[in-house]
Amino acid sequence: MLEYARVMRIPFLSVLLSATCVAQAPSPPVPKFEDVSKQAGLTVSHLSSPEKRYILESMSGGVGFIDCDNDGKLDIVTVNGSSVDRYRQGGDPMVTLYHQDGDLKFVDITKSARLTTKGWGMGVAVADFDNDGWQDLYVTGYGGNVLYRNLGDCKFEDVTEKAGVRVGGFSTGASWADYDRDGKVDLFVPRYVFVDINKLPEFGSNDKFCRFRGILVQCGPGGLPGESDFLFHNRGNGTFEDVSKKAGLDDPERRFGMQSVWADYDNDGWPDLYVANDAGPNFLYHNKHDGTFEEVGLLSGVALSLDGQEQGSMGVDVADFDHDGRLDIFVTNFADQPNTLYWNQGVRGMTDISWNAQLAQPSYPFVGWGTAFFDMDNDGWPDIFVANGHVYPQMDLVKGGAPYKQPLLLFRNKRDRTFEDVTAISGLDKLPASSRRGAAFGDVNNDGKVDVLILNVGEPPTLLINRTQSSNHSVLFKLVGTKSNKAAIGARVTVTAGDLVQFNEVRSGSSYLSQNDLRLHFGLGQETRIDTVEISWPTGKKEVYKDLSADLIYTMVEDGGITGRVPLKVSSLTDVDHPLSTIKAH
């Protein structure tokens with residue numbers, strides 16, 4: 001060390017102090033998750049045929065979090081799925097709704113909630129489309145989608161026909177955003193392939209699109225025609241206008257759309273749209289501020305892999321994973337195609353850094369679906385979770401191939417644009433293997449740690465409660481718009497606590513066919529107080545709060561200040577020195 005200091009002309013004392021600091025740096029918390037699915041009451045099985053002879057039977061479904069009665073506890077919605085035979089006989093109720101009655105105790109209230117419309121469910125997205133203060137639910141599927149308006153206290157009404165958003169065809173990962181900043185959320189619906197339920201491609205035909213690694217499998221998506229996408233503008237009277245073509249989001253090339261996510265990737269204050277496409281280039285639509293969009297996926301570097309290859313993209317999420325002030329994009333892909341991390345470099349575009357980030361190799365054999373950036377240990381740095389599962393049960397017959405049921409993946413952010421695979425030390429590798437699809441992320445028990453809900457094909461869902469032990473702190477924000485849309489979808493919150501500066505946006509629809517907690521969670525590391533909280537509301541208005549305590553759930557109203565503070569259910573709380581009365585923003 002002394003010789004190194006002499007050669008590099010660094011004072012030896014500085015080197016010694018640096019080495020001492022490194023040696024004394026605390027080890028990161030060991031991530032731990034507990035499967036509480038059965039005791040929580042999540043017993044309804046997703047419906048699917050065992051052989052997956054048709055592509056329809058492989059793609060469902062999503063899961064989501066919704067607070068349907070505004071009691072401050074997350075309720076759970078899961079997509080039910082179906083099969084060709086069942087659909088031909090009338091289909092199945094598209095979703096199941098579980099109400100959280102107590103701490104991690106859920107009751108199936110689907111019938112009393114009137115969520116009984118039948119079909120073939122695929123995904124879910126939550127928003128308050130009519131700005132009445134109750135969270136509404138949009139369900140995508142094959143043959144038609146459903147918009148459920150929340151009448152209050154978890155009682156819903158099917159308003160699809162009146163609203164004009166039934167669509168038809170094979171809809172997938174929808175998402176809500178106020179793309180024109182008029183105070184009302186609009187709806188984007190991507191669609192997948194065209195399938196005639198009465199003229200399905202023959203399983204195991206000699207067509208090249210019906211074989212995989214030499215075995216007979218379901219046909220598609222290659223060889224099947226794609227379907228167009230839809231953008232619905234919210235008129236504010238309970239109805240929507242189809243503005244897809246006028247806005248430039250109709251996808252005339254008919255790519256195989258899977259999941260969409262709205263995010264302001266260029267920091268201009270307007271929501272842009274990313275669409276993950278299966279077996280083709282992904283789309284990045286730049287918002288031109290005039291009700292139209294420009295597709296810039298190839299120009300921005302997020303359409304293809306680093307080596308210019310089209311990929312079978314499924315799930316997607318966005319976050320500023322490296323704290324450089326710009327949103328980055330993570331995409332899950334098909335087998336033999338690594339998951340992709342696109343690093344946002346501003347005017348220089350985005351770069352696929354998956355291999356350098358050490359995310360590519362572990363994911364290469366698997367088929368990735370639901371995913372998220374989430375701070376699993378509250379250190380203030382976004383980590384990554386991926387749900388995996390093959391589409392072909394026949395893969396179990398292939399010697400040396402990746403099986404149909406596959407493990408989860410969990411990556412810790414190492415704060416240097418690389419990640420560490422911590423699946424094994426988290427214990428997630430001990431969970432029974434399954435073929436999984438959607439995954440949703442939220443603080444189910446309000447303890448300040450993000451939990452995970454997963455859709456298992458043909459099985460009941462999995463609820464993983466985050467039991468990670470650490471001395472780190474956190475905070476949650478529930479935002480309520482007034483001039484902005486009521487659920488504040490599209491709002492950006494920037495939190496500064498000591499040297500830690502981080503931001504995120506309220507989003508509806510992401511992962512794969514799924515819906516995360518609409519409240520924003522921030523890990524704060526060892527910081528017990530927050531210096532500033534800046535909210536950029538969807539209308540463009542900015543508000544700043546100063547000197548807030550950690551370990552609380554804050555309710556913040558646009559132009560109305562802080563209207564609620566609820567302590568997180570942690571073992572030891574920081575001091576709370578402000579009353580629960582309203583505090584105005586600066």
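These figures come from a predicted structure and were not determined experimentally.
Residue E34 places its CD atom among more than 12 non-hydrogen atoms of other residues, nucleotides or ligands, all under 6.0 Å distant. Summarising the local packing, NZ of K199 is surrounded by 12 or fewer heavy atoms from other residues, nucleotides or ligands at distances under 6.0 Å.
D278 pairs by the side-chain hydrogen bond (donor to acceptor under 3.5 Å, both in side chains) definition with Y192, not counting sequence neighbours. By the salt bridge (Lys or Arg N to Asp or Glu O under 4.0 Å) test, D130 pairs with R149, sequence neighbours left out. Residues satisfying the side-chain hydrogen bond (donor to acceptor under 3.5 Å, both in side chains) test with D250, not counting sequence neighbours, are none. For D307, the side-chain hydrogen bond (donor to acceptor under 3.5 Å, both in side chains) partners two or more places apart in sequence, or in a different chain, are S305. Applying the salt bridge (Lys or Arg N to Asp or Glu O under 4.0 Å) test to E294 and every residue at least two apart in sequence or in another chain returns nothing. Applying the salt bridge (Lys or Arg N to Asp or Glu O under 4.0 Å) criterion to R507, with sequence neighbours excluded, gives E505. Every residue meeting the side-chain contact (heavy atoms from CB on, under 4.5 Å) condition with N516, not counting sequence neighbours, appears here in chain and number order: A440, F441, S510. Residues satisfying the salt bridge (Lys or Arg N to Asp or Glu O under 4.0 Å) criterion with R166, sequence neighbours excluded, are E161. For Q337, there are no side-chain hydrogen bond (donor to acceptor under 3.5 Å, both in side chains) partners at least two apart in sequence or on another chain.
Ring-plane geometry between W262 and F188 is classed as perpendicular, the angle between the planes exceeding 60 degrees on a 0 to 90 degree scale with a lower cut at 30. Relative orientation of the Y138 and W176 rings is perpendicular, given thresholds of 30° and 60° on the angle between their planes.
The backbone N or O of V126 sits less than 3.5 Å from a side-chain atom of S508, completing a donor-acceptor pair. Q135 contributes a side-chain N or O that, together with a main-chain N or O of D67, makes up a donor-acceptor pair within less than 3.5 Å. Judged purely by atom type and a 3.5 angstrom limit, T78 has no side-chain atom pairing as donor or acceptor with the backbone of V63. The closest donor-acceptor contact from the side chain of N150 to the backbone of W134 lies at 3.5 Å or more, if one exists at all. Not one N or O on the side chain of D251 forms a donor-acceptor pair closer than 3.5 Å with the backbone of S228. Side chain of S37 to main chain of L463: a donor-acceptor pair is present (N/O by atom type, distance under 3.5 Å, no hydrogens or angles). Using a distance-only test at 3.5 Å, with no hydrogens or angles considered, no donor-acceptor pair links the side chain of Y142 to the main chain of S82. D272 contributes a side-chain N or O that, together with a main-chain N or O of N287, makes up a donor-acceptor pair within less than 3.5 Å. Put simply, the side chain of R254 never gets that close to the backbone of F194: no donor and acceptor are under 3.5 Å apart. A donor-acceptor pair under 3.5 Å links the side-chain atoms of Q515 to the main chain of G509, judged by distance alone.
Here the CZ atom belonging to F203 is positioned 13.0 Å from the CD1 atom belonging to I55, to the nearest 0.5 angstrom. The distance from the CZ atom of R114 to the OH atom of Y148 is 12.0 Å, given to the nearest 0.5 Å. Atom OH of Y512 sits about 4.0 Å away from atom CE of M59, to the nearest 0.5 Å. Once rounded to the nearest 0.5 Å, the distance linking OG of S48 with CG of N456 reads 12.0 Å.
Using a cutoff of 4.0 Å between basic side-chain nitrogens and carboxylate oxygens, K405 and E459 are scored as salt-bridged. Between D153 and K155 there is no salt bridge, since no side-chain nitrogen of the basic residue lies less than 4.0 Å from a carboxylate oxygen of the acidic one.
Smallest separation of non-hydrogen atoms from T110 and V95: CG2-O, 3.4 Å. Of all non-hydrogen atoms in T117 and D158, the two that sit nearest each other are OG1-OD2, 2.9 Å. Across all their heavy atoms, V452 and F374 have their closest contact at CG2-CE1, 4.4 Å. The minimum heavy-atom distance between K52 and Q218, with the atom names listed, is O-NE2, 3.0 Å. When all heavy atoms are compared, the tightest approach of L453 to G64 is CD2-O, 3.9 Å. Closest non-hydrogen pair, S313 versus A276, comes out as CB-CB, 3.9 Å.
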Do F419 and L341 pass the side-chain contact (heavy atoms from CB on, under 4.5 Å) test, and can you show the C-alpha distance, the side-chain angles, and the key distance before you say yes or no? CA-CA 11 Å; F419 290 79; L341 176 61; 4.0 Å; yes
Which is it for E295 and V275 under the side-chain contact (heavy atoms from CB on, under 4.5 Å) test, yes or no, and what are the steps along the way? CA-CA 10 Å; E295 206 288 293; V275 183; over 6 Å; no
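When side chains are defined from C-beta on, L408 counts as touching I454, because their heavy atoms get closer than 4.5 Å. At least one side-chain heavy atom of Y265 sits under 4.5 Å from a side-chain heavy atom of V296. For the pair I329 and V316, the minimum side-chain heavy-atom distance is below 4.5 Å. M395 places none of its side-chain heavy atoms less than 4.5 Å from the side chain of V217. Looking at heavy atoms from C-beta onward, L97 lies in side-chain contact with I66 at the 4.5 angstrom threshold. V386 has its side chain out of reach of M314: every pair of non-hydrogen atoms, C-beta onward, lies at least 4.5 Å apart. In this structure the side chain of N237 never reaches within 4.5 angstrom of the side chain of K162, judged on heavy atoms. Between F209 and L224 the shortest side-chain heavy-atom distance does not fall below 4.5 Å.
Within the structure, salt bridge (Lys or Arg N to Asp or Glu O under 4.0 Å) contacts touching residues 184-195 (residues at least two apart or in different chains) are D182-K184, R191-E227. Counting only residues at least two apart or in different chains, side chain to side chain donor-acceptor pair (under 3.5 Å) contacts with residues 360-374 are absent. The ring pair (Phe, Tyr, Trp, His ring centres under 6.0 Å) contacts involving residues 392-411 comprise F212-Y392, H390-Y392, where partners must be two or more places apart or lie in separate chains.
Of the listed residues (I76, T96, V36), just one forms a side-chain contact (heavy atoms from CB on, under 4.5 Å) with L42, and that residue is I76.
Between the side chains of T340 and N333, at least one donor-acceptor pair of N or O atoms lies under 3.5 Å. A side-chain donor from one of R235 and T239 sits under 3.5 Å from a side-chain acceptor of the other. Using a 3.5 Å distance cut-off with no hydrogens or angles, the side chains of S60 and H46 do pair a donor with an acceptor.
Aromatic ring centroids of F293 and Y179 lie under 6.0 Å apart.
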